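Take a look at the structure set out below.
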Number of protein chains: 2
Amino acid sequence: MTQATSTRRRSGPSKGDLREAAILDAARRLFGEQPYESVSIDDLARAAGLSRTGFYFYFRTKGAVLTALMSRYWETLGASHVWFDSDGPSRELLREQLRSSAYLWREHAGVMKCAPTAVATSSELRDFMTRVKSRQDERASDKISRDQRDGTATTSIAAPRLAEMISAIRDARYTQLANASDADLEAAVEDIAEAIQRLVYGG
Amino acid sequence: MTQATSTRRRSGPSKGDLREAAILDAARRLFGEQPYESVSIDDLARAAGLSRTGFYFYFRTKGAVLTALMSRYWETLGASHVWFDSDGPSRELLREQLRSSAYLWREHAGVMKCAPTAVATSSELRDFMTRVKSRQDERASDKISRDQRDGTATTSIAAPRLAEMISAIRDARYTQLANASDADLEAAVEDIAEAIQRLVYGG
DNA sequence: CTCGTTTTCGACAGCGTGTCAACTTTTCTG
DNA sequence: CAGAAAAGTTGACACGCTGTCGAAAACGAG
């Protein structure tokens, strides 16, 4: 009756929990194989072993499934913000932070690539992405502000703008990482780190 | 008979030409008022003064209308690439080029903002945007390569990567320009110019 | 006026979504 | 272990949007 809410079932992995996991699993696979738009709720349901109508017992929309997947990944990612939490142009920490996000991105590239277009049709995902992005940008902006106050970062571009530029550069490059080799990935990290260094600290 | 192709009608502005213009006009208005997805072909047709089915005589899809609008704007823009055609870090030319694109973006913000999401459903628009972007990036990359050879630009990031970073930064900022004042616009140009300067020439 | 072209439209078929009430299965409780 | 409540499942239905077709209406030159 309390359809598709989080505090629904009580003990152990009931049949429903398994079904929900099956849907998420099917989504992970299907979203990777074909464009998000061309995957119907019917596809998702059948791939998870139930009829289309059954899907609605677990999720309200297709976008809700994608949001559920994304939120897991971003949760993992939130922990590895070592550079944001540091002071000054610590190149090594910057590289480390970028590296972990890059690897996570590549691992879930199939799902990640759906976000830009899915945002158009799912207000749920749109809200989620907006929240994630502003939280992320805020942390970057705070770090840069700190360094500007300390005199280590240049000041001719305001911290929030620099933060936006950094996410733009990062996201654009990550998008190309779908089938990248480890070497490609390291090169991307290196490029982005160098760019951030130049933008924020001036070389 | 040659429905919805470019070489359809032959002489003068026949009734059909006016209808086509009316559809484009309606689209410009509607896409600005509501999200692209929520505008149906029926909305477009009725706003242009004909029935839904009549629409298909002029355009094959909704995406084709958007593509037609976009291609006009990009054509205008292609002419103002003064910085790409120059040599060295000519800050003034860079500002000039950015300024003209920024103003054009703001003027057509209602339509421009549709592109990212419309690309998901219209292969026609997707192809167009891909072509435009790669042509643009290529010109930027060529300019930077030249400067790298001449020793005016730094070389630790490859020219094509720098070009990608520049478009990413530019596009991200332009997206926020919908209802911007002239001052906002100039500030954006200044920020982007400064960022490019640092990325390409190292300060 | 008249014939061929251009333009318009209603009818139809298809697909994906979301809701509903009825039905079956599982789980809890006395 | 019975019996009720909750969880889970389903087919039928209504809806909205898309795209096609063929017939009809408006148009324009000869």
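Proteins get letters first, then strands, A, B, ... in listed order; numbering begins at 1 in each. Computation of the quantities below employed the complete heavy-atom set of this structure, encompassing side-chain atoms and omitting hydrogens, waters and symmetry-equivalent molecules. On a predicted model such as this, the values are computed, not experimentally measured, just so you know.
- Between the P atom of dT10(D) and the CZ atom of Arg46(A) lies a distance of 9 Å, rounded to the nearest Å.
- The phosphate of dC9(C) (OP1 or OP2) has no side-chain N or O of Thr53(B) nearer than 4.0 angstrom.
- Following rounding to the nearest Å, Leu50(A) (CG) and dT24(C) (P) show an atom-to-atom distance of 19 Å.
- Atoms CZ (Phe59(B)) and P (dG19(D)) sit 14 Å apart, rounded to a whole Å.
- Checked for salt-bridge contact, Arg99(B) and Glu96(B) miss the test: no charged N lies under 4.0 Å from a carboxylate O.
- One finds a salt bridge joining Glu164(B) and Arg161(B) here, because a Lys/Arg side-chain nitrogen approaches an Asp/Glu carboxylate oxygen to under 4.0 Å.
- Computed from coordinates, the Phe55(A) CZ to dG8(D) C1' distance equals 15 Å when rounded to whole Å.
- We find that CG of Leu44(B) is positioned 13 Å from P of dC17(D), with the value rounded to whole Å.
- Sequence order on DNA chain C of the closest nucleotides to Gly54(B) and Thr61(A) puts Gly54(B) first from the 5' end.
- In this structure, the nucleotide among dT18(D), dG18(C), dT9(D) sitting nearest to the side chain of Tyr58(A) is dT9(D).
- Salt bridge Asp25(B)/Arg28(B): present, at least one basic N to carboxylate O contact under 4.0 Å.
- Rounded to whole Å, atom P of dT7(C) lies 11 Å from atom CD1 of Ile23(B).
- When each of Ser38(A) and Ser51(B) is assigned the nucleotide of DNA chain C bearing its nearest heavy atom, the one mapping closer to the 5' terminus is Ser51(B).
- Remark: His108(A) NE2 to Thr76(A) OG1 distance equals 6.5 Å, nearest 0.5 Å.
- Enclosure of atom CZ in Arg91(A) by more than 12 non-hydrogen atoms of other residues, nucleotides or ligands within 6.0 angstrom is indicated.
- Whole-Å rounding puts the Arg19(B) CZ to dA26(D) C1' distance at 12 Å.
- Atom-to-atom, OH of Tyr56(B) to P of dC21(D) comes out at 13 Å; the value is rounded to the nearest Å.
- Between the side chain of Arg52(B) and the base of dG19(D), a donor-acceptor pair under 3.5 Å is found.
- Taking only side-chain atoms of Phe57(A), from C-beta outward, the nucleotide of dT20(D), dA7(D), dT8(C) with the closest atom is dA7(D).
- Residue-level contact check: Ser40(A) touches the backbone only, with heavy atoms under 4.0 Å from sugar-phosphate atoms and none from bases.
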